[in-house]
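Below: one structure, written as structure tokens.
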Amino acid sequence: MIRLIAIVVAALPLSAPAQEHLNDRQLLGMRLFNQSCRVCHAKPQPTSVQYGPTLSRTSAGGNDDAMRVFISNGTAKMPGFRYHFKPAEIDAIVAYLKTIPSPD
Ligand code: HEC
């Protein structure tokens with residue numbers, strides 16, 4: 001059990017630094033991101049390789065609408081989420097992504 005908690009905590013660092021000043025919508029977006037997106041969009045874990053690009057405020061050209069379209073429709077390599085999330089939930093994820101500093 002302790003080992004399981006350690007693994008969960010170890011998987012969180014991407015979101016931890018920004019967490020303090022997130023508003024409710026951004027926090028919701030972070031939770032949804034952790035559930036549905038991290039698996040492909042987080043830094044490689046010891047047990048897996050990273051599949052998609054690391055996301056930040058500059059993803060999809062830094063354009064909110066482009067992010068929404070991307071998340072809704074997906075691509076050949078990424079599933080679309082328009083049946084999975086309500087529009088407000090996709091907005092929350094975009095709001096969260098906008099809090100992540102550009103990696104460069
Ligand atoms: C199955 C793996 C997978 C999952 C799950 C996934 N993605 Fe992706 N995502 C990708 C891949 C791969 C790309 C690169 C696009 C391509 O090559 O088709 C991508 C690209 C993106 C981009 C565009 C990045 C850019 O700057 O071009 C955004 C934004 C994005 N994903 C957001 C999300 C969000 C938000 C979620 C969760 C709701 C999510 N993705 C879930 C694999 C995934």
Side-chain angles (χ1 to χ4, degrees):
M1 186 60 186
I2 290 179
R3 182 180 294 202
L4 181 66
I5 292 169
I7 292 169
V8 171
V9 170
L12 289 175
L14 174 73
S15 52
Q19 217 160 347
E20 290 151 35
H21 51 265
L22 296 189
N23 65 30
D24 287 351
R25 192 160 74 121
Q26 293 160 342
L27 277 172
L28 171 66
M30 186 185 79
R31 279 206 302 276
L32 299 173
F33 182 86
N34 286 339
Q35 283 164 16
S36 302
C37 321
R38 279 197 72 86
V39 59
C40 291
H41 284 290
K43 295 213 167 64
Q45 305 292 313
T47 51
S48 68
V49 292
Q50 185 170 359
Y51 189 68
T54 305
L55 299 181
S56 74
R57 65 172 83 236
T58 59
S59 297
N63 180 297
D64 292 22
D65 286 333
M67 284 189 196
R68 273 185 212 102
V69 169
F70 226 110
I71 297 165
S72 300
N73 296 341
T75 70
K77 292 199 245 161
M78 172 176 150
F81 287 86
R82 67 181 168 286
Y83 301 119
H84 188 85
F85 290 129
K86 300 190 207 51
E89 292 174 323
I90 292 179
D91 284 349
I93 293 171
V94 170
Y96 167 63
L97 293 180
K98 301 296 267 188
T99 70
I100 303 175
S102 165
D104 317 309

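Counting begins at 1 with the first residue of the sequence. We count ligands from 1, going down the list as the structure has it; atoms in each ligand are counted the same way. Computed from heavy atoms alone, side chains included, the values below leave out hydrogens, waters and symmetry copies. Everything numeric in this text was worked out from a predicted model, so none of it was measured.
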Query - Where atom 8 (Fe) of ligand 1 is the vertex, angle from His41 NE2 to Met78 SD to 10° - result: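 Angle SD(Met78)-atom 8 (Fe) of ligand 1-NE2(His41): 170°, rounded to 10°.
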Among protein heavy atoms, which sits nearest to [atom], and what does the distance come to when rounded to 0.1 Å?
{"atom": "atom 2 (C) of ligand 1", "answer": "Cys40 SG, 1.9 Å"}
{"atom": "atom 16 (C) of ligand 1", "answer": "Thr75 OG1, 3.5 Å"}
{"atom": "atom 20 (C) of ligand 1", "answer": "Phe70 CE2, 3.5 Å"}
{"atom": "atom 41 (C) of ligand 1", "answer": "Phe81 CE1, 3.5 Å"}
{"atom": "atom 11 (C) of ligand 1", "answer": "Gly52 CA, 3.8 Å"}

Query raised in the report: Going through the distances and angles, do Phe85 and Ser36 end up as a side-chain contact (heavy atoms from CB on, under 4.5 Å)?
Result: CA-CA 10 Å; Phe85 290 129; Ser36 302; 3.4 Å; yes
Report task. Identify, by atom number and element, the atoms of ligand 1 in contact range of Ser59, meaning under 4.0 Å from any of its heavy atoms. Result ->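 With Ser59 as reference, the close atoms of ligand 1 come out as 26 (O).
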Query raised in the report: What are the atoms of ligand 1, with element, lying closer than 4.0 Å to any heavy atom of Phe85?
Result: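 Answer, ordered by atom number: 38 (C).
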**Report entry** Evaluation steps, side-chain contact (heavy atoms from CB on, under 4.5 Å), between His84 and Glu89
**Finding:** CA-CA 9 Å; His84 188 85; Glu89 292 174 323; over 6 Å; no
Query raised in the report: Among Ser36, Cys37, Pro53, whose heavy atom sits nearest atom 5 (C) of ligand 1?
Result: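 Ranked by closest heavy atom to atom 5 (C) of ligand 1, first place is Ser36.
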Tell me the contacting part of [X] for ligand 1: side chain, backbone, both, or neither, using a 4.0 Å heavy-atom threshold, strictly below.
{"X": "Tyr51", "value": "both"}
{"X": "Leu55", "value": "side chain"}
{"X": "Ala76", "value": "neither"}

Query raised in the report: Looking at Arg31, Gln26, Arg25, which one forms a side chain to side chain contact (heavy atoms under 4.5 Å, CB included) with Leu28?
Result: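 For Leu28, the side chain to side chain contact (heavy atoms under 4.5 Å, CB included) test succeeds with only one of Arg31, Gln26, Arg25, which is Arg31.
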Query raised in the report: With only distance considered, is Ala60 within less than 3.5 Å of ligand 1 through an N or O on each side?
Result: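 Yes; the residue has a nitrogen or oxygen that sits under 3.5 Å from a nitrogen or oxygen of the ligand.
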Query raised in the report: Can you check side-chain contact (heavy atoms from CB on, under 4.5 Å) on Arg82 and Asn73, steps first, answer last?
Result: CA-CA 7 Å; Arg82 67 181 168 286; Asn73 296 341; 3.4 Å; yes
For the atom pair [atom1] ([X]) and [atom2] ([Y]), what is the distance rounded to the nearest 0.5 Å?
{"X": "Asn34", "Y": "Tyr96", "atom1": "CG", "atom2": "OH", "value": "6.0 Å"}
{"X": "Asp64", "Y": "Ile90", "atom1": "CG", "atom2": "CD1", "value": "13.0 Å"}
{"X": "Leu97", "Y": "Arg57", "atom1": "CG", "atom2": "CZ", "value": "10.5 Å"}
{"X": "Ile100", "Y": "Leu55", "atom1": "CD1", "atom2": "CG", "value": "6.5 Å"}

Requested in this report: Applying side-chain contact (heavy atoms from CB on, under 4.5 Å), run through His41 and Tyr51 and close with a yes or a no.
Outcome: CA-CA 7 Å; His41 284 290; Tyr51 189 68; over 6 Å; no
